[in-house]
Amino acid sequence: MERTLIKDLGKKIGEQVKIQGWLQTLRDQKSMQFLIIRDRTGLVQVAHWKKGNPELAEQISSLGTESALTISGKVVANEVVKLGGIEIQLESLRVDNNAESPLPFEPFSDELPDLDYRLDWRYLDLRRERNQLMFEVETTLEAGMRDYWLKNGFLEMHSPKIMGAPSEGGAELFSLSYFERTAYLAQSPQFYKQMAMAAGWEKVFEIGPVFRADPSFTSRHMTEFTGVDAEISWIESHEEVMVMLEELLAHAIKLVAEKHGSEIKRVFDVELTVPSTPFPRMTMKEAYEILKAEGYKLPPERKGDLDPGAERALGAYVKEKYGHDFVYVTDWPATVRAFYHMRLESDPKLTKSFDLLGKGIELTTGAQREHRADVLTAQAQEKGLGLELLQNYINYFRYGCPPHGGFGLGLGRLMMVLLGLPSIREAVYLFRGPNRLEP
RNA sequence: GGGGGCGUGGUGUAGCGGUUUAACAUGCGGCCCUGUCAAGGCCGAGAUCGCGGGUUCAAAUCCCGUCGCUCCCGCCA
């Protein structure tokens with residue numbers, strides 16, 4: 001018999017069905033047994049009269065919660081049953097995998113263990129409804145982004161994650177032994193995206209792993225995370241990148257809201273709103289004026305930069321003033337930006353770059369890139385970077401590379417912001433940090 | 001890397017110098033209950049209070065060290 005998903009049982013009243021799922025609760029009484037079965041789509045009660053089949057009754061009594069079961073029986077409507085008014089009268093049971101008792105923790109209890117403990121038992125923690133929903137949302141979010149890009153003529157790229165030479169700043173690179181030499185894990189697809197521009201791909205995106213050997217202990221950092229990157233050619237300024245990014249996010253979030261909005265409200269108590277475009281924008285200079293007016297004091301050594309507190313303050317300001325969760329901060333000083341960010345023609349101290357903040361958290365850095373080899377070389381030297389390591393990179397810009405720009409966005413951070421999660425550790429399938437390599 | 005906080009049965013917490021044979025909830029085991037549904041009732045097992053040292057007549061409780069976790073900062077997505 002074909003399996004019926006629990007959400008579809010209402011259409012099969014009076015019929016024989018087969019369901020498959022986990023035993024969330026067993027209520028074993030004197031004459032009756034009630035099993036609450038959960039599958040990916042919901043919960044249903046299964047009832048069994050013990051005297052009809054004492055052997056089966058005994059088998060049910062021995063089941064541990066969270067056992068994996070295949071159950072056959074008849075679907076009946078029963079108003080007495082609080083769980084959806086539907087019940088299955090059990091006829092046969094196959095124990096696919098009996099769960100040992102006690103479990104390391106009860107995934108469906110009101111009081112959950114610390115996140116760190118749950119991460120040790122992630123495969124049980126992931127069974128919880130909110131975690132199932134989280135990854136349905138992530139899947140839809142990525143599908144929405146791909147949908148936008150494909151409609152707009154982008155190519156999907158897959159750049160290598162093993163590199164031969166440290167490029168952008170060596171400090172946060174993981175090194176590994178690679179046959180007779182040392183290789184490095186990519187800490188960004190940045191240079192490869194730009195190479196694709198030199199290769200004439202014009203518009204590319206990549207969703208893939210990024211590695212950072214940063215011993216950061218915060219609720220929003222990981223040593224391995226999924227980066228969402230895009231790069232486009234023939235632009236006049238970073239503004240075009242910003243337009244693409246806001247359209248991309250609005251499109252993907254709209255899809256998520258349509259598909260999961262009510263479930264997100266019920267499970268996460270978050271009203272997922274589709275952000276209006278264009279997103280609010282402010283220059284760094286304006287950001288400083290706002291912070292001053294709001295009474296936020298930046299440490300003086302932060303000259304031209306923002307700290308996390310300032311980002312939260314700006315997020316709160318924009319939420320109150322414009323009712324918007326996102327804000328672009330533009331025109332960052334060259335001193336705090338990468339050497340490959342293009343400078344403003346009107347003021348070479350500033351870059352044609354932006355950060356996107358979501359609810360006060362840094363989600364994205366983007367910029368128009370410097371595509372003129374001589375200017376790029378001068379900017380690298382100004383930052384005191386070794387030109388030997390950058391030579392191959394700078395060569396991309398010697399043989400007709402179009403003007404271009406792009407962004408990198410943290411998928412986990414976006415999930416955190418959309419669902420209002422306190423830590424990125426629960427926003428990703430398996431967290432990787434300085435002290436966590438398992439499971 | 002710098003600073004703060006926490007560390008008590010499987011899990012979540014209470015206790016914060018002597019009335020503690022360490023309490024409560026949940027989970028687990030047993031018994032009871034003719035339909036339960038956040039089930040309920042009774043009984044039971046389960047913790048040398050992270051680890052090491054010190055102070056004291058007396059330490060889960062105070063101090064020092066150490067390990068683990070966590071938050072903030074630096075840095076970033």
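Residue numbers start from 1 in every chain, and the chains themselves are labelled A, B, ... in the order their sequence lines are given, proteins ahead of strands.
Contact annotation: A:S109 side-chain N/O to B:U11 OP1/OP2 distance is not under 4.0 Å. Contact annotation: A:K82 side-chain N/O to B:C37 OP1/OP2 distance is not under 4.0 Å. Put simply, A:R212 has no side-chain N or O that comes within less than 4.0 Å of OP1 or OP2 on B:C76. Residue A:Q45 places no side-chain N or O under 4.0 Å from the OP1 or OP2 atom of B:U36.
Across all strands, A:G408 comes closer than 4.0 Å only to sugar-phosphate atoms, never to a base (heavy-atom distances). Nucleic acid contact for A:R312: sugar-phosphate only, since backbone atoms but no base atoms lie under 4.0 Å from a heavy atom of the residue. Heavy atoms of A:E87 sit under 4.0 angstrom from at least one base atom. As judged by a 4.0 angstrom heavy-atom cut-off over every strand, A:V81 is placed among the base-contacting residues. Residue contacts for A:S216: at a heavy-atom cut-off of 4.0 Å it reaches a base atom on one of the strands shown. Using a 4.0 Å heavy-atom distance criterion, A:D305 is classed as making no nucleic acid contact. Contacts of A:R425 with the nucleic acid, taken as non-hydrogen atoms under 4.0 Å apart, involve only primed sugar atoms and P, OP1 or OP2. Note on A:L112: only backbone sugar-phosphate atoms sit closer than 4.0 angstrom, heavy atoms only; bases stay farther off. Residue A:P104 is in sugar-phosphate contact alone, with no base atom involved, counting any heavy-atom pair closer than 4.0 Å across all strands shown. Looking at heavy-atom distances under 4.0 Å, A:Q89 makes no contact with the nucleic acid at all. If you check every strand for non-hydrogen atoms under 4.0 Å, A:N78 touches a base.
In this structure, B:U34 makes no Watson-Crick or G-U wobble pair, since no nucleotide meets both defining distances under 3.5 angstrom. B:C69 is paired with B:G5 under the criterion used here, namely a Watson-Crick or G-U wobble arrangement in which both key atom distances are under 3.5 Å.
Here A:F34 counts as stacked on B:U36: its ring centre is under 5.5 angstrom from the base ring centre and the planes meet at under 30°. For A:F105 and B:G10, the ring-to-base geometry does not satisfy the stacking test (centroid distance below 5.5 Å, interplanar angle below 30°).
Listed nucleotides B:C33, B:A77, B:C71 differ in distance to A:K30; the shortest reach to its side chain belongs to B:C33. When the nucleotides B:C75, B:G1, B:C28 are ranked by their closest atom to the side chain of A:P215, B:G1 comes out on top. Considering only side-chain atoms of A:F217, the nucleotide from B:G12, B:A77, B:C72 that sits closest is B:C72. Distances from the side chain of A:E106 to the nucleotides B:C75, B:G10, B:G35 place B:G10 closest. Ranking B:A77, B:U70, B:C37 by closeness to the A:D116 side chain, first place goes to B:U70. Picking from B:C76, B:C28, B:G74 the nucleotide with the shortest atom distance to the side chain of A:D307 gives B:G74.
Among residues two or more places apart in sequence or in another chain, the salt bridge (charged side-chain N to carboxylate O under 4.0 Å, His left out) test is passed with A:D325 by A:K319.
Note: CD (A:E438) to P (B:C69) measures 14 Å, nearest angstrom. We find that CZ of A:R38 is positioned 21 Å from P of B:C37, with the value rounded to whole Å.
With hydrogens and angles disregarded, no donor-acceptor distance shorter than 3.5 Å links the side chain of A:T4 to the backbone of A:L9.
Interface remark: the A:Q29 side chain does not form any donor-acceptor pair with the B:C33 base, using a distance-only criterion of under 3.5 Å.
In this structure, A:K161 pairs ionically with A:E206, as a charged nitrogen and a carboxylate oxygen lie closer than 4.0 Å. A salt bridge between A:K193 and A:E231 is present, with a side-chain N of the basic residue lying under 4.0 Å from a carboxylate O of the acidic one.
Taking OG from A:S276 and CZ from A:F326, the interatomic distance works out to 10.5 Å, rounded to the nearest 0.5 Å.
Aromatic pair A:F174/A:F211: centroids not less than 6.0 angstrom apart.
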